[in-house]
*Asks:* 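One structure is given below, represented as structure tokens, and several questions about it will come after.
Below, read A as the first sequence line, B as the second, and so on, with proteins coming before strands; counting in each chain starts at 1. As the structure is a computational prediction, the values presented were derived from the model and not from experiment.
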Amino acid sequence: METSCSFLSCDHDDDERSWTMEDYAGAIPRWCPGCGDHAILAAVERLLETEQLPPERTVFVSGIGCSSRFPHYLTTYGFHGIHGRALPIATGVKLRRPDLHVFAVMGDGDCCSIGAGHWIHAVRYNVDMVALMLDNGIYGLTKNQTSPTTPQGHPSNTQPKGSHLMPLNPLSATLGVSNASFVAQTADWMPAHVYATIAAAFRHRGFSFVRILQRCPQYTDDLFQEAVRNPNLVEMLVHPDGVDAPELEKIFKNRRVHDPKDLDMGRHLAEPFDRIRLGIFFRDESRQRYEELRHQRIHTAQERIDRLNEEFEKYAV
Amino acid sequence: MGSPPATRPEREVRDSVVIRFAGDSGDGMQLTGLQFTQETALAGSDLATFPDYPAEIRAPAGTTYGVSAFQIHFGTQDITSVGDELDVLVAMNPAALKVSLPDLRMGGSVLVDTSAFSDRNLQKAGYAANPLDDDTLAPFQVLKLDVTRHTLDAVDGLGLSQKEALRCRNMWALGLMLWMYGRSRKATVEWIGKKFAKEEAIRDANLRALNAGHAFGETAEMPSHVSGYSVAAAELASGMYRTVSGTEALAWGLLVGIKKAGLTRLVLGSYPITPASPLLHTMAGFKDYGVVTFQAEDEIAAVCAAIGASYAGALGVTSSSGPGIALKGEAIGLAIATELPLIIVNAQRAGPSTGLPTKTEQSDLYQAIYGRNADAELIVVAAATPSDSFEVGIEAVRLATKYMTPVIVLTDGFLANAAEPWLIPDVDLVAEFPVAYRTDPDGFMPFARDDATLARPWAVPGTPELEHRIGGLERSAQTGNISYDPDNHQAMTNTRAAKIARVAADIPPQAVSLGPDHGAVAVVGWGSTYGPIHQAVRLLRAEGHDVAHLHLRYLWPFPSNLADLLRRYDRVLVPEMNTGQLVNVLRAQYLIPAEGINQVTGKPFKVSDIERAVRTRLEA
Ligand code: SF4
């Protein structure tokens with residue numbers, strides 16, 4: 001790969017430009033009032049500003065769904081793809097330009113249903129990018145159909161008497177994939193935590209999977225209502241290597257020390273529990289990244305000519 | 001005991017010969033055929049090959065459906081097809097004999113391994129009686145040799161197991177055939193040395209078997225009526241040749257294409273499927289030349305990664321066969337909507353569904369031209385011969401980048417695997433077609449268009465001040481922003497179609513491959529049927545029939561002169577390995593009464609199939 005500078009390093013050298021949050025704000029979002037996506041967008045803009053990511057070196061790729069409108073609401077490069085395919089498109093961008101900052105934004109239907117195969121394999125490839133899965137537990141854009149993460153019993157247009165199945169647990173599923181390197185969960189109603197989590201994801205070298213619990217007042221208003229009102233229903237995973245959001249310490253009293261290096265404990269904590277757990281479940285920088293594995297020395301022109309001649313020798317008549 | 005005849009008959013001179021090596025899937029027939037091909041190419045013959053193998057890796061031994069065959073047609077003349085009838089059949093077991101005997105010409109030679117004709121093998125092949133004992137083989141020259149015994153004798157003392165020893169039978173047969181056609185063993189000896197470098201006994205056994213087979217012919221242990229043959233070198237243009245398969249030539253073509261376009265990267269996203277996988281295998285070796293291969297988790301990821309790479313400034317390529325192309329359909333639409341260059345290679349196979357994965361067909365033309373949701377036009381081109389695949393590869397890159405559009409390249413199972421000698425071209429003589437990424441922010445709009453081509457600018461991430469958003473939602477004509485405006489959708493749909501239509505003026509006018517540019521009958525083909533059609537038309541013309549051969553490389557859009565050209569013939573006949581696809585597209589486009597000649601047996605047309613069909617039409 002011709003460009004292989006590490007993340008953060010090459011952006012700031014000799015660059016006199018600077019950007020404010022407003023500079024990153026694109027088209028006016030068309031999400032419903034009260035939709036959790038607004039807060040997530042604000043947190044992302046804050047990250048872009050804090051890290052001073054040059055807009056031309058930043059790419060947002062999305063699938064299809066409410067959350068996948070994301071790229072249009074930013075001034076970076078953006079690719080609004082097709083349903084379920086944000087991850088392979090983002091992977092393609094990285095195959096050509098490993099130096100760019102790539103974010104993939106998906107919904108729960110996008111990531112855990114139609115694109116589930118890509119999700120599993122993207123975790124395994126461990127290409128350096130941030131994957132944000134905005135989970136509102138429903139298909140919103142297509143108007144209220146049960147998704148893989150809809151809680152059992154929750155009614156929708158497709159399953160009016162309530163969802164038949166146990167919901168899929170995206171955290172456990174991701175943590176079960178070999179070569180997972182970063183798995184975290186946050187919630188849209190805690191902007192400081194969202195910011196801190198995606199900042200940690202951005203700094204992680206590898207595939208960072210962040211599930212963001214996202215309120216959809218339109219179709220799943222009841223999903224997180226209690227947790228929003230009652231901070232006791234939330235448990236923060238804290239650690240010096242974890243998510244750092246000191247302003248939340250006073251409100252969220254349930255705190256549990258969890259070392260993100262501990263995969264077994266991370267898996268245990270990801271299992272269903274009567275509180276919503278937020279924070280980094282697992283992080284391991286030493287996991288092999290796809291671009292490292294595939295990076296091999298490119299031979300010089302002379303070496304190539306020698307090899308080519310050798311090849312031709314075999315077939316010459 | 002009679003002494004060997006003092007004077008063996010002179011080698012009989014032949015213009016061309018068709019040989020088929022047939023045996024069990026485990027008998028190594030493909031390797032045998034490839035080695036024979038290598039030696040024949042080195043001897044300077046023109047040639048065409050046809051590997052034909054079962055879908056199963058190791059079908060039950062001894063059965064007819066487990067037969068693996070390799071056919072080679074070589075000679076002094078321009079060889080354009082793999083040959084209708086066999087001159088020589090090497091049958092390693094009864095099943096191979098049963099499957100291939102119908103293709104052997106009257107008076108042709110058949111070599112059988114007598115030891116393989118056991119009761120059990122005869123029964124598995126479905127022979128009620130041993131064909132070596134009745135008159136089944138009466139119309140042929142039969143060479144009954146105990147290849148098994150000779151092989152075991154040759155490798156005796158090397159400490160091989162019976163099974164290992166028997167695996168050298170193919171080399172014994174190869175040695176004999178190389179003798180019979182006066183071919184060298186040099187390349188094969190080298191190849192054996194390399195392949196079994198770490199297993200000395202196996203290496204020596206293969207060498208001994210090869211040499212023993214050769215010596216058997218040389219020392220006149222052969223029945224006296226069998227002589228060797230001599231096939232002179234072909235009169236090919238001078239230069240450096242190599243044998244090349246369609247897959248290899250296409251891979252080289254794509255590579256030369258990106259160099260001529262001035263692109264530094266080609267990203268191939270692919271997923272294993274027969275018969276397309278060899279392209280991924282071949283290009284995996286091109287890392288030093290700017291090729292990045294990505295074996296994706298599925299067909300959809302493969303095409304999406306190629307699209308993402310194109311967006312980021314590479315040439316995205318994806319390869320598959322019909323069923324895989326179907327899975328990619330939605331994403332191909334995305335590339336059409338976002339107007340990104342993309343090359344989709346379809347090595348067609350017999351279908352529908354899984355169909356006959358290892359058998360050839362050209363039945364995905366409709367899929368290529370029409371097979372997506374909505375009005376979604378792209379460019380479709382097809383390769384005619386292994387060496388033509390090289391030029392088609394270059395042309396696909398030129399069109400994809402110049403018009404910012406997906407291009408489908410159609411090959412097929414036959415073309416992908418078939419090999420022929422290829423004069424290695426001087427790539428410096430290939431015209432350049434430099435691609436310029438947009439870098440100037442002044443007046444930049446992602447969907448503003450070039451006046452001539454209607455292509456939009458290629459503005460790649462990493463370029464300052466050109467940040468923009470693209471996607472599958474309908475885009476506003478200039479800005480590319482999401483637009484639900486009805487008039488805009490009408491205009492964008494028209495523009496997308498107009499852009500593809502303009503390609504017709506940017507490709508060579510349709511030429512006539514053989515015969516006059518007007519007259520009684522035009523035989524119009526596309527893809528791998530080139531050889532048999534060409535040969536059939538040549539024979540019919542020699543008989544005085546007013547017949548011409550046209551072969552189409554550009555299938556969508558058609559060359560701008562095609563309609564006029566076709567109307568200059570009284571009749572248009574379209575042979576295809578499908579139930580009639582090009583013929584219907586021609587009828588729909590030009591309202592001409594084109595007639596189909598169709599066959600879907602999973603095998604290439606024979607020259608005689610086409611000759612007979614055309615003759616019947618002429619006489620009707
Ligand atoms: S439907 Fe739900 S997820 Fe979609 S924009 Fe409205 S509130 Fe947000």
*Asks:* Quick one: which of B:Glu330, B:Glu190, B:Glu465 has the most heavy-atom pairs under 4.5 Å with chain A, could you say?
*Replies:*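 Top count of heavy-atom pairs under 4.5 Å with chain A: B:Glu330.
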*Asks:* What part of B:Leu334 lies closer than 4.5 angstrom to a heavy atom of chain A: side chain, backbone, both or neither?
*Replies:*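 It is the side chain, since no backbone atom gets that close.
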*Asks:* Which bit of B:Ala306 is near chain A, if near means a heavy-atom gap under 4.5 Å: side chain, backbone, both or neither?
*Replies:* neither
*Asks:* Any side chain to side chain donor-acceptor pair (under 3.5 Å) pairs touching residues 331-340 of chain B, not counting sequence neighbours?
*Replies:* B:Glu339-B:Arg449, B:Glu339-B:Lys499
*Asks:* Are there over 12 heavy-atom neighbours, none belonging to A:Tyr139, within less than 6.0 Å of that residue's OH?
*Replies:*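 Yes, the 6.0 Å shell around OH holds more than 12 heavy atoms from other groups.
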*Asks:* Please flag which part of B:Ile482 lies under 4.5 Å from any non-hydrogen atom of chain A: side chain, backbone, both or neither.
*Replies:* side chain
*Asks:* Does anything in residues 104-115 of chain A get under 4.5 Å of chain B by heavy atoms, and if so which residues?
*Replies:* none
*Asks:* Please classify the contact of B:Ala331 with chain A as side chain, backbone, both or neither, using a heavy-atom distance under 4.5 Å.
*Replies:* both
*Asks:* For the interface with chain A, which of B:Ala314, B:Pro461, B:Gly471 has the highest count of heavy-atom pairs at distances below 4.5 Å?
*Replies:*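 With the most close heavy-atom pairs to chain A, the winner is B:Pro461.
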*Asks:* Of all of B:Cys304, B:Gly313, B:Ala459, which one pairs up most often with chain A through heavy atoms under 4.5 Å apart?
*Replies:* B:Cys304
*Asks:* Do A:Arg294 and B:Thr293 touch side chain to side chain, with heavy atoms closer than 4.5 Å?
*Replies:*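 SC-SC contact between A:Arg294 and B:Thr293 confirmed.
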*Asks:* So which heavy atom on B:Pro464 is nearest to which on A:Arg17, and how close?
*Replies:* CB-NH1, 4.3 Å
*Asks:* In terms of heavy-atom proximity below 4.5 Å to chain B, should A:His118 be classed as side chain, backbone, both, or neither?
*Replies:* both
*Asks:* Can you tell me which portion of B:Phe294 sits under 4.5 Å from chain A's heavy atoms? Options are side chain, backbone, both or neither.
*Replies:* both
*Asks:* Could you pull out the closest heavy-atom pair between B:Gln295 and A:Tyr125, with the gap in Å?
*Replies:*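 Heavy atoms only, the tightest pair is O-OH, 4.1 Å.
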*Asks:* Distance-only check: which donor-acceptor pairs under 3.5 Å involve side-chain atoms of residues 59-66 of chain A, not counting sequence neighbours?
*Replies:*
unit_1	atom_1	unit_2	atom_2	d
A:Ser62	OG	A:Ser68	O	2.6

*Asks:* Where does B:Leu266 contact chain A at under 4.5 Å (heavy atoms): side chain, backbone, both or neither?
*Replies:* neither
*Asks:* Out of B:Asn481, B:Val267, B:Asp298, return the one with the most heavy atom pairs under 4.5 angstrom to chain A.
*Replies:* B:Asp298
*Asks:* Quick check: under 4.5 Å, non-hydrogen atoms only, which of residues 74-87 of chain A neighbour chain B?
*Replies:*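 Residues in range: A:Leu74, A:Thr75, A:Thr76, A:Tyr77, A:Gly78, A:Phe79, A:His80, A:Gly81, A:Ile82, A:His83, A:Arg85.
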*Asks:* Working to the nearest 0.5 Å, report the span between CD of B:Glu467 and CD of A:Glu56.
*Replies:*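 Going from CD on B:Glu467 over to CD on A:Glu56, the span is 5.5 Å.
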*Asks:* Heavy-atom pairs under 4.5 Å with chain A: which of B:Ile307, B:Val303, B:Ile300, B:Leu473 has the most?
*Replies:* B:Ile300
